[in-house]
Every structure is written in structure tokens, then in C-alpha cells.
Amino acid sequence: MLNIIMCGAPGSGKGTQSDRIVEKYQLTHLSTGDLLRKEIASGSEIGSQLNAIVSRGDLVPDEIIIDMLASHIDALGANCKGVIFDGFPRNVAQAEALEKMLAERGLSTSVLLDMQVEQDELIARLLNRGKLSGRSDDNMETIQQRLLVYEQKTKPVSDFYNSLGKYQAINGMGTMDEIFARIDEVLKAF
Ligand code: AMP
């Protein structure tokens with residue numbers, strides 16, 4: 001199985017490029033942000049608690065995310081060609097939990113793709129997306145907090161996978177086609 005982690009700051013194009021990878025490589029896309037937004041939209045009790053955290057730009061507690069993901073991994077069919085983990089792991093504890101979860105199922109991560117985009121470009125993309133999607137966390141105040149959380153908690157995830165020899169930086173500036181071509185070049189090797 002080709003199991004990819006899409007890592008990068010908010011607005012770095014993880015979701016957009018994941019869709020393209022899924023199309024070409026027929027992988028299963030697991031986006032923890034999408035799963036959380038679905039739970040929030042359902043109007044459940046837990047959804048409203050999650051909404052408060054996501055709207056602040058903070059991370060949802062690890063246990064909630066890890067349980068949510070484990071149930072989706074267990075639901076993968078025998079024909080699954082691989083998974084794209086989009087927006088997960090967001091910290092080193094989640095990375096360790098993912099590796100344990102995969103190892104227990106005889107699986108492993110193939111590579112972490114680190115989408116690298118300049119800060120001004122990230123902010124411009126997120127503000128633009130906020131206008132189009134109406135996402136509650138794509139406003140200036142929450143964006144600043146999300147970028148801070150990324151620097152402090154998520155960046156060390158790249159070091160963790162680098163130490164496992166499973167790290168690949170991707171230049172995330174340019175057109176969607178240019179960026180996908182760079183990703184495709186890396187994935188061809190697997
Ligand atoms: P995303 O769609 O990946 O940008 O995620 C949007 C928001 O959902 C984040 O700012 C967090 O509040 C929450 N979130 C998504 N993935 C995770 C995760 N793996 N761990 C904790 N919180 C998460």
C-alpha cells in the first residue's frame with residue numbers, strides 16, 4: 001500500500017493536491033479536518049464542542065482524533081491501494097500513535113510530503129478561501145493562531161519522519177499543475 005502523509009501549514013494546498021493524488025493513484029483520502037467539519041455540521045453535542053476548538057484555531061484533543069482515524073482505517077476494504085492522511089498527524093504524539101496503529105495492522109507510512117509555501121502566500125490563499133467557502137476558521141485572527149500552532153506543534157512531525165528516512169520536501173509555490181508534477185515525480189519512485 002502507498003500510504004502518504006500530507007503535511008504543511010494551513011493554506012499550503014494539502015487538500016487540493018490530495019484530491020489530485022487520489023485521482024491518479026486511486027488512494028483513500030482521510031482528512032481529519034473534513035471529518036471534524038462533518039461532525040460539526042451534524043449538530044451533535046460533541047460537534048459543538050469541537051466547533052469551539054476549531055474556530056479558535058487550536059488542535060482538537062489527540063484521543064478524539066486518533067479514535068476517529070482508527071475507525072476509518074479499520075473500515076478500509078481489502079482492495080484499498082493506500083491512504084492519504086491529510087492534516088494528520090498534527091503533532092509528534094499523533095505521529096507516534098499513527099505509526100503504532102499502522103504497525104499493529106501490518107502497515108506503514110511510505111512518505112511524508114512537506115508542502116512548503118511562503119507565509120504571505122499562505123495568508124492570501126486562506127483569506128481568499130474564507131470568502132469562497134465561508135469556513136469559520138479562515139479569518140485573520142484564527143489564521144494567525146493556526147500558523148502559530150503549525151510552527152510549534154506540527155513542524156516537529158517533519159523532523160520525526162526525517163529521522164525515519166521518510167521525509168520529502170515539496171515546493172508548494174506555483175500553479176496547481178506545477179506543484180502536482182513535483183509530487184508525482186516523488187510518488188513515481190514508490
Ligand atoms: P484542516 O482542515 O486540516 O486545516 O483542519 C482544520 C482544523 O481542524 C484545525 O485547525 C484543527 O482545529 C482541527 N484539526 C484538523 N486535523 C486535526 C488533527 N490531526 N489534530 C487536531 N486537530 C485537528
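Just follow the structure's listing: the first ligand is 1, and inside any ligand the first atom is 1.
Protein neighbours of ligand 1 below 4.0 Å, counting non-hydrogen atoms: Thr32, Gly33, Leu36, Arg37, Val54, Asp58, Leu59, Val60, Ile65, Gly87, Phe88, Arg90, Gln94, Arg135, Asp137, Arg146.
Contact between Gly130 and Asp138 at its shortest, heavy atoms only, is CA-CB, 3.5 Å.
Sorted by first then second residue, the salt bridge (charged side-chain N to carboxylate O under 4.0 Å, His left out) pairs that include residues 153-168, not counting sequence neighbours, are Glu151-Lys155. Among residue pairs with one or both ends in residues 63-92, those qualifying as salt bridge (charged side-chain N to carboxylate O under 4.0 Å, His left out) are Asp74-Arg105; sequence neighbours excluded. Residue pairs meeting the salt bridge (charged side-chain N to carboxylate O under 4.0 Å, His left out) criterion with at least one partner in residues 28-44, sequence neighbours excluded, are Asp34-Arg37.
Annotation: side chain of Arg56 is not in contact with side chain of Gln145 (no heavy-atom distance under 4.5 Å).
Between the side chain of Arg146 and the backbone N or O of Asp137, at least one donor-acceptor pair lies under 3.5 Å.
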